[in-house]
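Protein chains get the first letters and strands the later ones, always in sequence-line order, with residue 1 at the start of each.
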Protein chains: 2
Amino acid sequence: MSKLPSLKNLSYLLALHQHQNFNRAAEASHVSQSTLSSGIQNLEEQLGCQLIERDHKSFLFTSMGEQVVDQARQILTSTEELLNFAQSQGKLMEGPMRLGCIPTIAPFLLGDLSKSLQRQYPKLQLNFREDTTSNLLLHLRNGELDALVLALPIDLQGNLSYVLGRDPFKLVMHKQLASDLSEPVIYNQLPDQSIFLLEREHCLTGHAVAACELADSAKINPFTATSLHSLVQIADARLGATFLPQMAIDRGILNGTDLVALKPSGHQAAREIGLVYRATTSRRQTFRKLAESIAALLPEPTLS
Amino acid sequence: MSKLPSLKNLSYLLALHQHQNFNRAAEASHVSQSTLSSGIQNLEEQLGCQLIERDHKSFLFTSMGEQVVDQARQILTSTEELLNFAQSQGKLMEGPMRLGCIPTIAPFLLGDLSKSLQRQYPKLQLNFREDTTSNLLLHLRNGELDALVLALPIDLQGNLSYVLGRDPFKLVMHKQLASDLSEPVIYNQLPDQSIFLLEREHCLTGHAVAACELADSAKINPFTATSLHSLVQIADARLGATFLPQMAIDRGILNGTDLVALKPSGHQAAREIGLVYRATTSRRQTFRKLAESIAALLPEPTLS
DNA sequence: CCACTTTAATTGGTATTACCGATTATGATA
DNA sequence: TATCATAATCGGTAATACCAATTAAAGTGG
């Protein structure tokens, strides 16, 4: 059995990969350039393979090097988690917690969540980041985030998840347009191109189309909005209807408008909200408690 | 940011946990007892918490210590995998591969699989271990095994899997008992207590009951067998019928008997065979190729 | 064409620490 | 009480991690 590589050298490799420059990587690692340089060479020797190609002035990560970086990132993330876990004495709901959330949930959840967690767990240091599902998953892998609040179903890519609850979709339109409709609304009563949705990168779009059985795309307007608030504007201007999640409506997104929220057809016209975290975590218990806190704030909690 | 624990010290902790004795753990780690002792103390200082309670003669792992051991095992397994991966130059299907398999698959797969892999990938060093699903999953976590061939569905516990294919269940009985039955066999034509199954710890039992919609437990004989070959003996002695997977029949388990295999009722009377591996692995590509090789040997390959 | 800058590798010296063998302290056992 | 087994401690040594300074090579600007 050959000698294990040192975590320090692996972290040097990560820093080099991030900064693509020995000096800056060394600075970021709080060591001298020579230390980092020999650390990398050391690592290459221990692993028995070339990680970077040097061409006398600059360098390039080999394909092998890239793969080692990926694996090393995972190892270091786990180790840092272990350290955090141990240093907080294994106490639940303490220490830093970096939470990612998608834009169609964040504005209607994080305010209340922040308040409720502060009150229940004052030692928990919350940090939020709002981004798309795929970006959040990348940051989760990198160890830059600890857990994500997402709309399911998605490809979990080996992560674990709790299902927190359901968030029903409502069909929202101006009250004058809605006057001669009965619930649940059958879509072919609506004119073509009268339904407005978000841009494609928002998973809400796909989930709404699927959940509300909106296969007939002729009803969908090709113009796409960038936020739920834009959709509200569009609907309030009587340009058409849209789908909004119950969470947003509960938090008053329709206040000051002349819009009404109708029950759409579709057997289960709702999205599921889930909490996603790394399979390698050492804080399962904390995530469980976090899941309970979040579920309590959802329209239809179904923690599992 | 505090200093990361060293992998060496973590491995000392694992050795100590395994041997429950400083001297033996030190010997197994190829260091002196004093080195290991101070290594552990060092680790406790870095982690800022007590890992073992010393009572002047013996010691006991604290709950914290146990949890650190679990996480450390995962970290060290990942690191060893990285080392293997790098040292084999990242080549696919090379180096050691420790494969676990359940007893209701192993005898009917591993022979052919071994031959086929030897021919296709002569540099792959295969090792097999046969055990129950839950034991195999433990060994996978520990890093003692690299991948498992199991019957799905199971709780993956954060591992990843490929579905390799379907393995239909057949209702097997003596040809005289079968003479006045028509396929697919409706179970209430059978006498009570006439169906024999394996012991509870074999997942085949549960899967067969579920897949063949055998909810009516009055038909199931309370005597349980310990192997498929025992079931064949029982059926051949005209004591009753049993369920056997197609794989076993294809490999000739009924040869030399007077048994016939009938199609059971039940919409999808089959089990799925899957390959399970750690989410933290660095050998996904290798497992993919392995999955292809295994799938090719199944009755109904459906790799996904 | 030549200073000047930037880059990564190399060198030599120093401080750290990893490790061992020996010793000690403490229960358990005979 | 003597002996044994165990884990912690101690003192010395070998290994190595690290830095500052230097070198080598390749751009850059005048």
>> Protein within reach of the bases, or only the backbone? For nucleotides 9-15 of chain C, mark each nucleotide 5' to 3' as B, S or -, using heavy atoms under 4.0 Å.
In response: BB-----
>> Whole angstroms only, please: what is the CG-C1' distance between Leu60(A) and dA8(C)?
In response: 15 Å
> Quick one: is dT7(C) close enough that its OP1 or OP2 comes under 4.0 Å of any side-chain N or O from Asn21(A)?
Replying inline: yes
> Between Asn159(A) and Gln157(A), does any side-chain donor sit less than 3.5 Å from a side-chain acceptor?
Replying inline: no
> Under 3.5 Å, is there a donor-acceptor pair linking the side chains of Gln118(A) and Ser114(A)?
Replying inline: no
>> Can you tell me if Tyr12(A) touches the phosphate of dA17(D), counting only side-chain N or O atoms and a distance under 4.0 Å to OP1 or OP2?
In response: no
> Is any NZ, NE, NH1 or NH2 atom of the basic residue among Asp70(B) and Arg141(B) found under 4.0 Å from an Asp or Glu carboxylate oxygen of the other?
Replying inline: no
>> I need the NZ-P distance between Lys3(B) and dT16(C), as an integer number of Å.
In response: 12 Å
>> Just to verify, what does His202(A) make a ring pair (Phe, Tyr, Trp, His ring centres under 6.0 Å) with, not counting sequence neighbours?
In response: none
> For the pair made of CZ in Phe59(B) and C1' in dG27(C), what is the distance, rounded to whole Å?
Replying inline: 15 Å
> Which part of the nucleic acid does Asn42(A) contact within heavy-atom distance under 4.0 Å: base, sugar-phosphate only, or nothing?
Replying inline: sugar-phosphate
>> Can you list everything that forms a side-chain hydrogen bond (donor to acceptor under 3.5 Å, both in side chains) with Thr35(B)? Sequence neighbours excluded, please.
In response: Ser32(B)
>> Between C1' on dC18(D) and CD1 on Ile40(A), what's the gap in Å once rounded to a whole number?
In response: 15 Å
> In whole Å, what is the span from the CG atom of Leu36(B) to the C1' atom of dT6(D)?
Replying inline: 13 Å
>> Whole angstroms only, please: what is the NE2-C1' distance between His19(B) and dT6(D)?
In response: 16 Å
>> Output the rounded distance in Å from CZ (Arg24(A)) to C1' (dT6(C)).
In response: 10 Å
> Could you state the CG-P distance from Leu10(B) to dA18(C), rounded to the nearest angstrom?
Replying inline: 13 Å
> Which value, rounded to the nearest 0.5 Å, describes the distance between Lys8(B) atom NZ and Asn42(B) atom CG?
Replying inline: 10.5 Å
> Should the pair Arg73(A)-Glu66(A) be classified as a salt bridge under the 4.0 Å nitrogen-to-oxygen rule?
Replying inline: no
